[in-house]
Amino acid sequence: MKMYKYLRNQFHDIIKSLYTGLTEFEVQFDRAPGNFEGDIATPLAFDLAQKLKRNPREIALEIVESLQLDDNKISRTEVAGGGFINLTINPDWLRSSLKAINQDVKEFRRISIGENKKIQVEFVSANPTGPLTIGHGRQAVIGDIISRLYEACGYNVSREYYFNNTGRQMRILADSVRLRCKELLGEKTEFPDNYYQGEYIIELATEFIEKYGKDLPEDEPDTFMTFAANKIIEGIKITLNTLGVDFDNFFNENSLIDDGEVLDVLELLQDNDLTYKEDGALWLKTSELGAKQDRVLIKSTGEMTYRLLDIAYHRNKLNRDFDMLIDIFGADHIGTYKDVLAGLKALGYDIDKIQVIIHQFVTLTENGEKIKMSTRKANFVTLDELIEEVGVDVTRFFFIMRSANSHLNFDLALAKSESDENPVFYVQYGCARISSILRFAKNQGLEYSEDIVMDENLLAKLDSNEELELMKKLFEYPRMVEKAAINIQPHIIPAYLIELAKVFHPFYHEYRVVSDNKELSLARIILVRAVREVIRDGLGLLGISAPDQM
RNA sequence: GCCCUCGUAGCUCAAAUGGAUAGAGCAUCGGACUUCUAAUCCGGAGGUUACAGGUUCGAUUCCUGUCGAGGGUACCA
């Protein structure tokens, strides 16, 4: 029985029976502060006090009096301060969780909120105009871990990458390659500033000549475009694979055009009187949909804008029968996604299904100097280069340990030279250390087994403060996974794992696991093995390795 | 100009929906390896949560204004 589920049910029942008029209330739980007796606290009496117009302390006392919590689970209940209710967990209940964790940690942390629900996460979706940058890396990791968290909560998750493989930037890409080809063949050219300057364009040009020969198909820009896009997409997929990010579907923008879906949307928008013509362009009446100004759908050149294509794309996604869609965008999309949602809403689609996560940019610094990243200019550091320098584990951990809407400061020099400062090693070290202990124990003839974990008398040996603290921390794990998923805040997981390691390492220094006392040794083996199970599982959710030795 | 995100210890960041005395890491100072991994641990110091108001039992969190950083912005994506 999950701790918080049990408590929530108990409190709900008692409040309903005590205050029959109340229908809407929430029971929230926090960890009790260290200076008060108790492990879990709830301020719900304050909430009720407001609704009932009564003294919070009186209400808290009333609730505590009527509450009939199982002594085997909660050993003490008290009212503290102006009306907080503090609960102390019975150590036996804590110890019982060690069985569950050791037997099957995935079952222990299993949350069934997503049973039979389908969800799609769209992320990265970088244009195929160059290698992935560090900014894309952050998004790749955030999206992947959000997907893993939802899977952990029982959802059926589909990861999708949307390739903007049409439009102006693709034509510039094609022409950049064409010009570099001519240079390679000895011709003098003017290479415009707004073309893609990166070294990789020259490599593409070299490969292009190898394939198509020196007689360039200059009147076939599509040949250059298709060649370059395919090569770049291939590279992007390799990079993502290296980072441990796998997609279920790659969706190409041009398919929306080829299948006529964009025209369908356009027709729908026009039929609903949501558009008008002006200055040779077709405008969407976004100002009537709550936005500041109207936006162009089709430019006077006849070219479709991103907004139109993105409305069509999201319509396509909504028609695919998902219960929820999560979009992960960089801060540069903050101004546009609202127009897209407004357009969809005007067409009658349920946009509440769409959750948009905006993440702030990564600031890359080296030796105190900011490095400005831009694909078009040549001075970016690629994701490949970063992974090469610091490794997959550090890259992933670094990108996920900050909340998405906080600017991420990535100090390259620090990541490269002093990677031991990175907390990922702190967590991994806990895992390696426990494996080492278990190896040592095995040599002494002491080993974990299904039989000993069922022995209540053995587990009862675990009664020191440090051991109980460790168990309390383990007990919180399922709630952390749920919290991270529901709030779409994946950084909660690394923060939790650091906390767990932070409780484990002092325990290790204070007590020997393997000692002359055989029973106590076995009990502690059960405990540290449970810690390792949770760390391993948590690192697994982050896609980070859990080494048995370091 | 307008819109969005943000401003917390010297630095990088936590603190779910408003909860009790705002927490970590790094850096700094002082300690701990003949015993299961010192990539570790123990202790000290470090704060008017940018600033000024407001809302209430209670504000880092919500509202208003000022200052500062990043992003978007009127036919790029």
Side-chain angles (χ1 to χ4, degrees), chain A residues 26 28 30 32-36 41-44 46-47 49-50 55-57 80-84 86 125-127 129 164 167-170 172 194 278-283 291-301 303 305-307 309-310 330-336 338 358-361 363 401-411 414 418-426 428-430 432-441 443-444 446 483-484 486-489 491-492 495 498-499 501-502 504-515 521 524-525 528 549-550:
Chain A
E26 251 185 277
Q28 97 176 258
D30 299 300
N35 48 321
F36 287 95
T42 174
L44 85 128
F46 291 99
D47 195 33
Q50 214 153 40
N55 183 309
R57 200 180 158 80
F84 287 94
N86 290 352
S125 297
N127 295 342
T129 54
N164 292 113
R168 198 174 77 102
Q169 84 281 356
M170 294 307 289
I172 292 177
N194 65 343
E278 193 175 292
D279 302 332
L282 187 75
W283 295 72
K292 265 258 184 241
Q293 69 237 19
D294 293 338
R295 300 290 186 173
V296 169
L297 291 175
I298 297 181
K299 299 184 232 174
S300 51
T301 58
E303 196 166 22
T305 64
Y306 156 84
R307 281 184 180 78
L309 287 157
D310 221 34
D332 54 342
H333 277 69
I334 206 149
T336 51
K338 285 177 184 166
I358 298 282
H359 70 89
Q360 297 300 316
F361 283 155
T363 310
M401 64 189 285
R402 307 298 182 209
S403 78
N405 60 0
S406 157
H407 295 260
L408 178 61
N409 201 316
F410 204 115
D411 188 331
L414 187 77
E418 297 177 86
S419 56
D420 60 306
E421 285 176 6
N422 196 304
V424 66
F425 295 112
Y426 185 75
Q428 288 181 319
Y429 186 55
R433 198 172 228 180
I434 292 168
S435 292
S436 171
I437 294 168
L438 296 178
R439 282 193 296 270
F440 179 85
N443 282 336
Q444 310 292 310
L446 296 168
K483 189 168 149 182
I486 289 176
N487 296 318
I488 320 187
Q489 298 200 313
H491 75 278
I492 286 173
I498 291 168
E499 280 176 26
K502 188 79 192 156
F504 167 70
H505 287 302
F507 160 79
Y508 168 84
H509 277 268
E510 185 74 23
Y511 301 97
R512 279 192 65 86
V513 172
V514 181
S515 65
S521 299
R524 287 185 176 154
I525 284 171
V528 299
Q549 50 189 347
M550 287 173 79

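Chain letters run A, B, ... following the sequence lines, proteins first and then strands; every chain starts at 1.
- When each of Leu408(A) and Val296(A) is assigned the nucleotide of RNA chain B with its nearest heavy atom, Leu408(A) is the one assigned upstream, toward the 5' end.
- Checking A39(B), A77(B), A20(B) against every side-chain atom of Ala41(A), the shortest atom distance belongs to A20(B).
- Between A74(B), U12(B), C41(B), one nucleotide has an atom nearer to the side chain of Tyr426(A) than all others, and that is C41(B).
- Nucleic acid contact class of Asn55(A) (heavy atoms, under 4.0 Å, all strands): none.
- The CH2 atom of Trp283(A) sits 12.5 Å away from atom NZ of Lys299(A), with the distance rounded to the nearest 0.5 Å.
- Of the side-chain N and O atoms in Ser403(A), none sit less than 4.0 angstrom from OP1 or OP2 of C6(B).
- The Gln50(A) side chain lies nearest to U56(B) when the options are C75(B), U56(B), A74(B).
- Within 4.0 Å of Pro43(A), counting heavy atoms only, lies at least one base atom of the nucleic acid.
- Atom CD1 of Ile298(A) is separated from atom P of A77(B) by 12 Å (rounded to the nearest Å).
- No side-chain heavy atom of Asp279(A) sits under 4.5 Å from any side-chain heavy atom of Ser300(A).
- Counting to the nearest Å, the P atom of G71(B) and the NZ atom of Lys338(A) are 18 Å from each other.
- Pair check for U35(B) finds none; no Watson-Crick or G-U wobble contact set falls under 3.5 Å.
- You'll find the side chain of Arg295(A) stays beyond 4.5 Å of the side chain of Tyr306(A), heavy atoms only.
- Spacing of C1' atoms, C13(B) relative to C75(B), comes out at 41 Å, to the nearest Å.
- Aromatic ring orientation, His505(A) versus Tyr429(A): parallel (interplanar angle below 30°, classes split at 30° and 60°).
- Between Ala495(A) and Leu309(A), it is Ala495(A) whose nearest contact on RNA chain B lies nearer the 5' terminus.
- Ser515(A) comes within 4.0 angstrom of nothing in the nucleic acid, heavy atoms only.
- Computed from coordinates, the Tyr306(A) OH to A77(B) C1' distance equals 7 Å when rounded to whole Å.
- Side-chain atoms of His491(A) lie closest to A15(B) of the nucleotides C41(B), A15(B), A16(B).
- Within 4.0 Å (heavy atoms only), Ala432(A) reaches at least one base atom of the nucleic acid.
- A distance of 7.0 Å separates CZ of Arg402(A) from CG of Leu408(A), quoted to the nearest 0.5 Å.
- With both pairing distances under 3.5 Å, U64(B) is matched to A52(B) as a Watson-Crick or G-U wobble pair.
- Remark: side-chain polar atoms of Arg307(A) are not paired, donor with acceptor, to backbone N or O of Val296(A) under 3.5 angstrom.
- Nucleic acid contact for Tyr511(A): base, since at least one base atom lies under 4.0 Å from a heavy atom of the residue.
- As a whole-Å value, the separation of His505(A) NE2 from C36(B) P is 16 Å.
- With rounding to whole Å, Phe425(A) atom CZ is found 18 Å from A38(B) atom P.
- Which of C36(B), U40(B), C13(B) sits closest to the side chain of Arg433(A) comes down to U40(B).
- Base pairing of A16(B): no nucleotide in any strand meets the Watson-Crick or G-U wobble criterion (both distances under 3.5 Å).
- Side-chain to base pairing of Asp30(A) with A16(B): no donor and acceptor N or O lie closer than 3.5 Å to each other.
- Between the CG atom of Leu44(A) and the P atom of G58(B) there is a distance of 19 Å, given to the nearest Å.
- Without hydrogens or angle criteria, Ser521(A) side chain to Ser515(A) main chain gives a donor-acceptor distance under 3.5 Å.
- Rounded to a whole angstrom, the distance from the P atom of U60(B) to that of U48(B) is 13 Å.
- Between A39(B) and Tyr429(A), a contact under 4.0 Å exists linking OP1 or OP2 to a side-chain N or O.
- Nucleotides A22(B) and A59(B) have their C1' atoms positioned 12 Å apart, rounded to a whole Å.
- Stacking of the aromatic ring of Phe84(A) onto the base of G19(B) is not found under the criterion of centres within 5.5 Å and planes under 30°.
- The side chain of Arg402(A) lies closest to C13(B), out of C4(B), A39(B), C13(B).
- For Met550(A), the side-chain atoms get nearest to A39(B) when compared with the rest of C57(B), A39(B), A74(B).
- Note that CE of Met401(A) is 5.0 Å distant from CD1 of Ile498(A), once rounded to the nearest 0.5 Å.
- With hydrogens and angles disregarded, a donor-acceptor distance shorter than 3.5 Å links the side chain of Asn55(A) to the backbone of Arg57(A).
- Taking every side-chain heavy atom of Phe440(A) into account, C36(B) is the closest of C36(B), C75(B), A74(B).
- Here the straight-line distance linking atom CG of Leu438(A) with atom CG of Leu446(A) works out to 10.5 Å at 0.5 Å rounding.
- Spacing of C1' atoms, A69(B) relative to G54(B), comes out at 26 Å, to the nearest Å.
- Phosphate contact (OP1/OP2 of G25(B), side-chain N/O of Lys502(A), threshold under 4.0 Å): present.
- A gap of 39 Å separates the C1' atoms of A77(B) and A24(B), to the nearest Å.
- Picking from A16(B), G70(B), U40(B) the nucleotide with the shortest atom distance to the side chain of His509(A) gives U40(B).
- Here the side chain of Lys483(A) is nearest to one of C75(B), A16(B), U56(B), namely A16(B).
- Comparing the same atom, C1', in G19(B) and in C29(B) gives a spacing of 36 Å after rounding to whole Å.
- In this structure, CG of Asp47(A) is placed 12 Å from P of G19(B), rounded to the nearest angstrom.
- When heavy atoms are screened at a 4.0 angstrom cut-off, Asn443(A) is found touching no nucleic acid atom at all.
- Heavy atoms of Ser300(A) sit under 4.0 angstrom from at least one base atom.
- One can place CD1 of Ile498(A) at 11 Å from P of C26(B), the figure rounded to the nearest angstrom.
- To the nearest whole angstrom, the two P atoms, one in U17(B) and one in C62(B), are 8 Å apart.
- The separation of A45(B) from G10(B), taken at their C1' atoms, amounts to 12 Å, rounded to a whole angstrom.
- Base pairing of C26(B): its partner is G10(B), meeting the Watson-Crick or G-U wobble criterion (both donor-acceptor distances under 3.5 Å).
- Base contact: Gln28(A) has a heavy atom under 4.0 Å from a base atom.
- A glycosidic torsion no more than 90° from 0 defines the syn conformation; C26(B) lies beyond that range and is anti.
- Base contact: Gln549(A) has a heavy atom under 4.0 Å from a base atom.
- Across all strands shown, G70(B) pairs with C4(B); the Watson-Crick or G-U wobble distances both stay below 3.5 Å.
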